[in-house]
Amino acid sequence: MATIQSLLDSADLPASPTARLDAELLLAAALGKPRSYLRTWPEHEPGAEQLAAFAALLERRRAGEPVAYILGHQGFWSLDLEVAPHTLIPRPDTELLVETALQLAPATPQRVLDLGTGSGAIALALASERGGWQVIGVDRIAEAVALAERNRQRLKLGNAGFRQSSWFDGLAGERFGLILSNPPYIAADDRHLGEGDVRFEPLSALVAGVDGLDDIRQIIAQAPRHLQAGGWLLLEHGYDQAEAVRELLAAAGFTAVDSRRDLGGHQRISLGRWTP
C-alpha cells in the first residue's frame, strides 16, 4: 500500500520549479488535512478515494494549471484568499507594495485606493493592518469585484470595500492619501506569456501594450486628480521597467520619486509623492 511518504517521493511534476511543495499541497487537499499532517503521519496509508483524488490533482498540475487555481485559494501577507481564473494569483513580490505603503503612510485615518484589485489581496492586507484606514479596491471585471468582496466578508474587514471601475473611471471627484496598483505591465510579445503558470492567468491582467507600460502611463497621468496634497502613488512593474516608470512619474510632476527592490533584488515597485 502507498504511504504519504511514498506518494510524495514518487510524485512526478517535472515541469514545476516547486514540485515537492506542489505535491504536498495537493496531497493535503486530497486528504482534507493541513500540510503539517503529512510530516506527522508519513506512514499513513490513504484510502482508494483519496488516492484517486490525489492522482487527479497531480494530473491537473502536470498540465500546467497553477496550484492556486486547483485549490481555489492562495496565501498573501497574513491572509488566506480565495482565487479564481479571472484574477491574477497573488504573489510574494507584491507584498512589497503593502510593506512600502505601511512605511510611507501614517497610521492615522485616511482613504486608500487599490487599482485593479483582483482578489482584493493588496486592499485587504492593508485593511487588516490599519483599522483606521478606509481602503477601496476597484476592478473593471465584475467577477473580480465579487471575489474580492467574498474575501472581505470571510475576513470580516469592515474598513475595506470594492467597486467596479476601469482605473479611475468610477471615482470622479474622489481623492485619496495613498493610491497603489499592481497593473498589467508585460509587453504583448513577451515570450514568458507562453510559459509556466501565466498561461492560465487572464491576459487582460498581464499585458499592457507594446512595451508593457500603457496602463502605468494612464494611471500616472490620471492619479494627480485623485491624490490629496502630499499623497503617494505606488506602482508595481517589471524587473527592467523601474527607470522608465521613474521618468514617467517625474515628468508628471511627482516628487520624492524612488524605486524599491523585491525579494530577488530587482527594482519591483516605483513611487512618487504628489505635492502640487
Side-chain angles (χ1 to χ4, degrees), residues 7-8 10-35 38 50 52-98 114 116-125 137 139-148 150-151 154-155 181-188 190-208 212 236-239 262-264 266 268:
L7 288 169
L8 292 174
S10 62
D12 183 25
L13 295 171
S16 172
T18 56
R20 181 69 179 203
L21 174 61
D22 294 355
E24 290 182 3
L25 291 169
L26 296 176
L27 181 54
L31 297 176
K33 301 288 186 180
R35 247 176 91 209
L38 309 180
Q50 293 172 322
F54 181 50
L57 295 177
L58 281 178
E59 190 57 36
R60 290 173 66 181
R61 183 58 182 142
R62 288 192 195 102
E65 188 174 354
V67 171
Y69 287 161
I70 296 172
L71 300 181
H73 62 89
Q74 173 76 8
F76 181 82
W77 199 248
S78 61
L79 312 176
D80 187 60
L81 301 170
E82 178 188 347
V83 297
H86 48 258
T87 64
L88 282 183
I89 299 167
R91 290 170 167 79
D93 284 341
T94 300
E95 293 183 359
L96 180 60
L97 274 176
V98 177
D114 173 26
T117 196
S119 63
I122 295 167
L124 294 170
D139 202 290
R140 68 179 185 84
I141 305 297
E143 293 85 353
V145 175
L147 173 63
R150 288 199 300 274
N151 280 323
R154 184 171 49 80
L155 294 167
S181 184
N182 177 19
Y185 55 73
I186 299 177
D190 193 303
R191 63 179 178 82
H192 295 98
L193 292 170
E195 301 174 357
D197 289 1
V198 296
R199 291 174 296 160
F200 289 78
E201 295 183 276
L203 276 178
S204 62
L206 295 165
V207 176
E236 181 169 336
H237 49 67
Y239 74 95
D262 63 16
L263 298 171
H266 299 115
R268 180 62 61 181

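- When all heavy atoms of Phe54 and Leu7 are compared, the pair lying nearest together is CE2-CB, 4.1 Å.
- A donor-acceptor contact shorter than 3.5 Å is absent between the side chain of Arg62 and the backbone of Leu57.
- Annotation: salt bridge (charged side-chain N to carboxylate O under 4.0 Å, His left out) contacts of Glu82 (sequence neighbours excluded): Arg150.
- Under the 3.5 Å distance criterion, the side-chain polar atoms of Arg20 are left unmatched by any main-chain donor or acceptor of Glu24.
- Remark: the backbone N or O of Asp114 is not paired with any side-chain donor or acceptor of Thr117 at under 3.5 angstrom.
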Criterion side chain to side chain contact (heavy atoms under 4.5 Å, CB included) on Val98 and Phe76, from CA distance to verdict:
CA-CA 10 Å; Val98 177; Phe76 181 82; 4.0 Å; yes
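- Leu81 contributes atom CG, which lies 9.5 Å from atom OG1 of Thr87 (distance to the nearest 0.5 angstrom).
- Contact record, Asn151 with Ser119: ND2-O, 3.0 Å, taken as the closest heavy-atom pair.
- Smallest separation of non-hydrogen atoms from Ala23 and Leu13: N-CD1, 4.1 Å.
- Between Leu147 and His86, some side-chain heavy-atom pair lies under the 4.5 Å cut-off.
- To the nearest 0.5 angstrom, Leu31 atom CG is 6.5 Å from Leu38 atom CG.
- Atoms CZ and OG1, from Arg61 and Thr18 in turn, are 6.0 Å apart once rounded to the nearest 0.5 Å.
- Put simply, the side chain of Asp139 gets close to the backbone of Gly118: a donor and an acceptor are under 3.5 Å apart.
- Contact record, Leu263 with Pro92: CD1-CB, 4.1 Å, taken as the closest heavy-atom pair.
- Closest approach of Pro66 to Ile89, counting heavy atoms only: CB-CD1, 3.4 Å.
- Residues satisfying the salt bridge (charged side-chain N to carboxylate O under 4.0 Å, His left out) test with Asp262, not counting sequence neighbours, are Arg268.
- We find the CG-CG distance between Asn182 and Leu96 to be 11.0 Å, quoted to the nearest 0.5 Å.
- In this structure, Val83 and Tyr69 approach most closely via the heavy-atom pair CG2-CD2, 4.3 Å.
- Taking CZ from Arg35 and CG from Leu26, the interatomic distance works out to 11.0 Å, rounded to the nearest 0.5 Å.
- Glu236 contributes atom CD, which lies 7.0 Å from atom CG of Asp93 (distance to the nearest 0.5 angstrom).
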